[in-house]
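To start, the structure under review is shown below, and the notes come after it.
Numbering of ligands and ligand atoms starts at 1, following listing order.
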Amino acid sequence: MGLLRKVLVPFAGLVLAFCFYSVREDFKPEMLQGKRVIITGASTGIGEQMAYHLARMGSHILITARTEAKLQKVVVRCLELGAASAQYVSGSMEDMAFAKRVVKEAEELLGGLDMLILNHVGSSYFGYFNRDIEHVQKLLDINFLSYVTMTVSALPMLKGSGGSIIVVSSMAGKVGFPFVAPYSATKFALDGFFSSLRQEFVMQNINVSITLCILGLIDTESAMKAASKVYMVSPAPKEECALEIIKGGAFRQREVYYQYTSTKIPLLIRDWAPGLLDYLIRRNYNLESIKEN
Ligand SMILES: NC(=O)c1ccc[n+]([C@@H]2O[C@H](COP(=O)([O-])OP(=O)(O)OC[C@H]3O[C@@H](n4cnc5c(N)ncnc54)[C@H](OP(=O)(O)O)[C@@H]3O)[C@@H](O)[C@H]2O)c1
Ligand SMILES: *[C@@H]1O[C@H](CO)[C@@H](O)[C@H](O)[C@H]1NC(C)=O
């Protein structure tokens, strides 16, 4: 038994690592050609970059966010880059009626759906928990409940196409990070809900994949503005991040870790030495730039 463990476990690890990396090298942009995709939170940041990648791959794109002027610009750029079609719907995901409407628009404009990319996040603060319960509730609506609402509305179309749901989460959705308590709660909720749903889909033979994306710090404008003075970690590029998310979705992976070394590797410590991981995380903060509530 001892020998079996000493030899088999590392061997299985190597085989898995090999499969993981070789699968990713087979990615072909044609996999997304002609696919009908909704991307939420696509007026800026990672969502905007995902729209550009999918445009280059020739997908039909429906983007959404609140700021109409930005969405218009992203649509124009998507068409220049070669999107099969590109359209937008503007509105706020605080409103569940709007979340449903986006899916309805996809049905009318695209006649179906192959990929639902849930990526938007409401703005929050970066600092000690300020005891504002209403903010927690509002953020749960935007970051969690609207994801569930869109999933429910889109499921009939996704079942029809054997489609995919991509849920963009964070390291803060797997382990506790300071200064983002409300945000962290919404991301943990996504993991619980969508991991449970994935199990049920397998049991019910529903051929809709669910890919949860665990991201480290990414160099989007909003993240840099919120965290760059306090959180002393070098960010990864949003363009590459966006591509890795799309690849993971196309391969129907259960989870995407980006960047691998700053997400998957630390999480390996989590269950065995959670105190150590907490300590390593705390070391990355410059507390002088954080104000007490
Ligand atoms: N950047 C990072 O370091 C990082 C790290 C881990 C995980 N993530 C995750 O990656 C995803 C994208 O992050 P990002 O940095 O690209 O974000 P971002 O640049 O701040 O973009 C957020 C998007 O959500 C939209 N949005 C905000 N409030 C909304 C509302 N009430 N209703 C509808 N749309 C709304 C914004 O557009 P409008 O303002 O026009 O509505 C924007 O398009 C998020 O799920 C985030 O949690 C990011
Ligand atoms: C599930 O859907 C995918 C993508 O649409 C397809 O390639 C695969 O063959 C389907 N699997 C089954 C069991 O129908």
Side-chain angles (χ1 to χ4, degrees), residues 31-32 35-36 39-51 63-74 88-96 98-99 101-102 112-115 117-124 126 138-147 149-150 158-164 166-175 177 180 182-188 190 201-202 205-209 212-228 231 233-239 241-242 244-245 249-252 256-259 262-263:
M31 292 170 87
L32 277 309
K35 297 290 184 205
R36 298 154 298 182
I39 312 164
T40 72
S43 63
T44 182
I46 300 164
E48 177 185 4
Q49 298 305 319
M50 288 195 276
I63 60 171
T64 181
R66 290 168 306 175
T67 320
E68 190 166 8
K70 287 190 191 169
L71 291 170
Q72 281 169 346
K73 284 189 189 151
V74 177
Y88 73 86
V89 206
S90 60
S92 176
M93 290 291 174
E94 268 173 86
D95 174 12
M96 297 311 132
F98 175 72
R101 187 154 74 77
V102 174
L113 188 66
D114 298 291
M115 197 177 258
I117 305 182
L118 299 168
N119 164 78
H120 64 274
V121 274
S123 59
S124 192
F126 192 85
K138 181 177 155 182
L139 213 59
L140 273 165
D141 283 345
I142 300 171
N143 295 5
F144 173 64
L145 209 59
S146 72
Y147 281 43
T149 303
M150 289 190 75
L158 291 172
K159 280 184 186 172
S161 62
S164 309
I166 298 177
V167 178
V168 180
S169 186
S170 165
M171 274 296 272
K174 285 281 188 191
V175 66
F177 277 71
V180 289
Y183 170 82
S184 178
T186 67
K187 294 300 196 185
F188 268 77
L190 290 173
F201 284 2
V202 173
N205 286 316
I206 293 175
N207 189 16
V208 174
S209 63
L212 183 74
C213 306
I214 310 306
L215 310 182
L217 186 65
I218 310 299
D219 66 358
T220 62
E221 217 176 290
S222 66
M224 293 302 93
K225 217 168 102 189
S228 62
Y231 186 47
V233 161
S234 58
K238 57 182 186 283
E239 296 81 2
C241 176
E244 289 305 306
I245 294 171
F251 286 127
R252 305 172 87 78
V256 167
Y257 288 88
Y258 181 83
Q259 285 177 313
S262 62
T263 54

Could you verify whether a donor N or O on one side chain and an acceptor N or O on the other, from Y257 and E244, lie under 3.5 Å apart?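 The criterion, which ignores hydrogens and geometry beyond distance, is not satisfied for E244 and Y257.
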
Any nitrogen or oxygen of [X] lying under 3.5 Å from a nitrogen or oxygen in ligand 1? Just yes or no.
X: T220; answer: yes
X: S170; answer: no
X: G122; answer: no

Going by the atom numbers of ligand 2, which of them fall below 4.0 Å from some non-hydrogen atom of N207?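 Answer, ordered by atom number: 1 (C), 2 (O), 3 (C), 8 (C), 10 (C), 11 (N), 12 (C), 14 (O).
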
Which segment of A223 sits under 4.0 Å of ligand 1 when only heavy atoms are counted: side chain

Would a search of protein heavy atoms around atom 9 (O) of ligand 2 find one under 4.0 Å away? no

Does even one non-hydrogen atom of [X] get within less than 4.0 Å of ligand 1?
X: S146; result: no
X: S123; result: no
X: F98; result: no
X: E48; result: no

Regarding atom 10 (O) of ligand 1: of the candidates V168, L71, L217, V233, which has the closest heavy atom?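 Looking at heavy atoms only, V168 sits closest to atom 10 (O) of ligand 1.
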
What residue and heavy atom of the protein are closest to atom 16 (O) of ligand 1, and at what distance?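 It is I46 N, 2.8 Å.
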
Against heavy atoms of L215, which atoms of ligand 1 measure under 4.0 Å? 6 (C), 7 (C), 8 (N), 10 (O)

